[in-house]
Enquirer: 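Just passing along the structure, written as structure tokens.
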Amino acid sequence: MSEEIKNQEAAEAANQDELDQIVSLKKGDTVKGTIVKLEDNQAVVSIGYKYDGVIPIRELSSGLDNAEEAVQVGQEVEARIISIDDAKEKLVLSKRAIDSENAWEKLEQLFESKEVFEVVVNDVVKGGIVVDVGVRGFIPASMVERHFVEDFSDYKGRTLRVVVKELDRENNKVILSQKDVLEAEFEANKQKVMAELKEGQEIVGTVQRLTQFGAFVDVGGVDGLVHVSEIAWTHVDKPSDAVSEGDQVKVKVLKVDPEKGKISLSMKAAQPGPWESAAGQFNNNDIVTGVVKRLVNFGAFVEIAPGVEGLVHISQISHKHIGTPQEVLEEGQEVKVKILEMNPSEKRVSLSIKETEEAPEVAPKAERAPRAARAPREELNNPNVSLNNSGLSITLGERFGDKLNKFK
């Protein structure tokens, strides 16, 4: 067979294929083609027909601003014939229709397996986010992040990782969730971090949020609570008085409870205690300034450094006698005190106020009046008077002896 005959047969076969296609091409058919041109509102596709078809932007995908967002020149696509008009050489195709059919099958598989996949945000609407997954997919606002987001306007064009939350083909309803993905990852990381944390361990974390009862600190992707009583050695009324969100802080792990998912932390335990600092700061006999913190019947407690209080016994408050400390002192008053005894190991310090003051001068005692001169002692030479221990007595015989002799 000559070369000329072969070429003629090939041309006839090609013509026959084209004729067959022209005859069989109808609305609803699925065809394959190549993108040959892109315009703002449509893509031109060559499917080997006598004229090219077009895919309007609404039939490329949902939520597009221009055709370039969905396809590129030279890309092969599968489409469905929406309408065909040979008289006007108008062939309208839909890529979205084919994508939708394929998408439902894929979405059903993803729904069953709970597999994570990526989507690109096409549009932000009231109540959530719209994405294209071959069909219109919707992510409610409450399912976008683990935290509350007030404005999603900057989410358009972002790539999110989602799972299929709800699927209803009959009503063309596809609900997706990124929050479920983030929650699962958070829990997995939380268990890992908690398994690695040890009680007594000191680490650096970031203050994430503040409440009335404490501060939540991120320690590796997991939040632990620093109770308000564990923020500082001094009294803290509310956490915002001592720290701010975003602060880098050193904390000590007090307790890890994997079952409850709780981590207890302390900022003050990761810092030198006030008594440890006081050990090198104060010495016996030092005179320092303090503030009266509490008054009790037996004395006054005076703070000489943050967290370091010492007792001024009532006997050491004033040189003059007082019945109660309230007679000369009041809470909040600044006073000078002398350190009598410093004992940091027992967290005890004895103080004195009166030893910082000069004692008042003692008033001189009044002189005693001179004693009157005693009368001279009379000599007793009477032989009838006895001066011995038998007493100073005169017997009746001695006194009346002469008179009694007259009656004999």
Side-chain angles (χ1 to χ4, degrees), residues 63 103-104 106-169 171 173-198 201 203-227 239 245-249 251 253-265:
W104 279 109
K106 179 65 175 176
L107 286 169
E108 286 171 357
Q109 294 174 2
L110 292 170
F111 181 64
E112 292 296 328
S113 65
K114 301 298 181 184
E115 182 181 340
V116 178
F117 60 100
E118 292 185 347
V119 295
V120 177
V121 178
N122 282 355
D123 200 7
V124 175
V125 296
K126 183 179 180 179
I129 286 172
V130 175
V131 299
D132 182 15
V133 287
V135 294
R136 182 182 184 274
F138 183 65
I139 308 177
S142 61
M143 297 184 185
V144 178
E145 303 286 355
R146 291 183 63 241
H147 58 274
F148 174 74
V149 177
E150 186 174 355
D151 183 11
F152 290 99
S153 57
D154 63 343
Y155 272 65
K156 189 171 183 179
R158 284 194 192 183
T159 299
L160 306 179
R161 294 175 302 120
V162 299
V163 292
V164 180
K165 189 76 173 177
E166 188 178 341
L167 205 58
D168 187 347
R169 187 167 185 172
N171 295 307
K173 183 180 180 181
V174 180
I175 303 297
L176 308 173
S177 173
Q178 178 180 244
K179 183 178 179 179
D180 283 16
V181 176
L182 299 177
E183 288 284 7
E185 292 176 347
F186 174 79
E187 286 301 322
N189 181 65
K190 183 176 182 178
Q191 293 303 317
K192 179 177 179 293
V193 171
M194 293 184 76
E196 295 173 350
L197 287 176
K198 304 298 180 185
Q201 179 180 355
I203 49 180
V204 175
T206 304
V207 178
Q208 293 290 5
R209 56 194 175 93
L210 302 175
T211 65
Q212 287 296 321
F213 55 85
F216 285 92
V217 178
D218 183 331
V219 286
V222 180
D223 289 350
L225 174 64
V226 179
H227 191 267
E245 292 181 2
D247 285 354
Q248 296 284 311
V249 294
V251 294
V253 180
L254 299 181
K255 186 177 181 181
V256 180
D257 190 339
E259 291 184 4
K260 295 183 179 180
K262 294 183 178 180
I263 302 171
S264 298
L265 306 171

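All of these numbers come straight from a predicted model, not from anything done at the bench. For reference, positions follow the sequence shown, starting with 1. Computed from heavy atoms alone, side chains included, the values below leave out hydrogens, waters and symmetry copies.
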Enquirer: Measure the NZ-CE distance between Lys260 and Met194 for me, rounded to the nearest 0.5 Å.
Expert: 11.5 Å
Enquirer: Any side-chain heavy-atom pair from Val253 and Leu265 closer than 4.5 angstrom?
Expert: yes
Enquirer: Could you pull out the closest heavy-atom pair between Val174 and Leu107, with the gap in Å?
Expert: CG2-CD1, 3.9 Å
Enquirer: Using the test side-chain contact (heavy atoms from CB on, under 4.5 Å), find all partners of Leu210 that sit at least two apart in sequence or belong to another chain.
Expert: Val207, Ala215, Pro239, Ser240, Val243, Glu245
Enquirer: Not counting sequence neighbours, which residues clear salt bridge (Lys or Arg N to Asp or Glu O under 4.0 Å) with Glu185? List them please.
Expert: Arg161
Enquirer: Determine which pairs satisfy salt bridge (Lys or Arg N to Asp or Glu O under 4.0 Å) with at least one residue from residues 203-222, sequence neighbours left out, and list them in order.
Expert: none
Enquirer: Hey, does Val164 have a side-chain heavy atom less than 4.5 Å from the side chain of Leu176?
Expert: yes
Enquirer: Name all pairs fulfilling the side-chain hydrogen bond (donor to acceptor under 3.5 Å, both in side chains) condition that reach into residues 186-198, sequence neighbours left out, sorted by first residue then second.
Expert: Lys192-Glu196
Enquirer: At their closest point, which heavy atom of Lys156 faces which heavy atom of Val121, and how far apart are they?
Expert: CA-CG1, 3.8 Å
Enquirer: Side chain to side chain donor-acceptor pair (under 3.5 Å) with Lys114: which residues, sequence neighbours excluded?
Expert: none
Enquirer: Distance from Gln178 atom CD to Thr159 atom OG1, nearest 0.5 Å?
Expert: 10.0 Å
Enquirer: Taking side chain to side chain donor-acceptor pair (under 3.5 Å) as the definition, give me every residue that meets it alongside Gln248, ordered by chain and number, with sequence neighbours left out.
Expert: Thr206
Enquirer: Partners of Ser113 by side-chain contact (heavy atoms from CB on, under 4.5 Å), sequence neighbours excluded?
Expert: Glu115
Enquirer: Asp257: which residues meet the side chain to side chain donor-acceptor pair (under 3.5 Å) condition with it, sequence neighbours left out?
Expert: none
Enquirer: Under the salt bridge (Lys or Arg N to Asp or Glu O under 4.0 Å) rule, collect the residues that match up with Asp180, sequence neighbours excluded.
Expert: Lys165
Enquirer: Can you list, pair by pair, the side-chain donor-acceptor contacts under 3.5 Å of residues 139-152, counting residues two or more places apart and other chains?
Expert:
from, atom 1, to, atom 2, distance (Å)
Glu145, OE2, Tyr155, OH, 2.8
Arg146, NE, Glu183, OE1, 3.3
Asp151, OD1, Ser153, N, 3.0
Asp151, OD1, Ser153, OG, 3.1
Asp151, OD2, Ser153, OG, 2.9

Enquirer: Going by salt bridge (Lys or Arg N to Asp or Glu O under 4.0 Å), name the residues that satisfy it together with Lys262, two or more places apart in sequence or in a different chain.
Expert: none
Enquirer: How would you list, by chain and number, every residue that makes a side chain to side chain donor-acceptor pair (under 3.5 Å) with Glu108, sequence neighbours excluded?
Expert: none
Enquirer: Is any side-chain heavy atom of Ile263 less than 4.5 Å from a side-chain heavy atom of Val222?
Expert: yes
Enquirer: With side chains defined as the heavy atoms from C-beta onward, is the minimum distance between Leu197 and Ile203 less than 4.5 Å?
Expert: yes
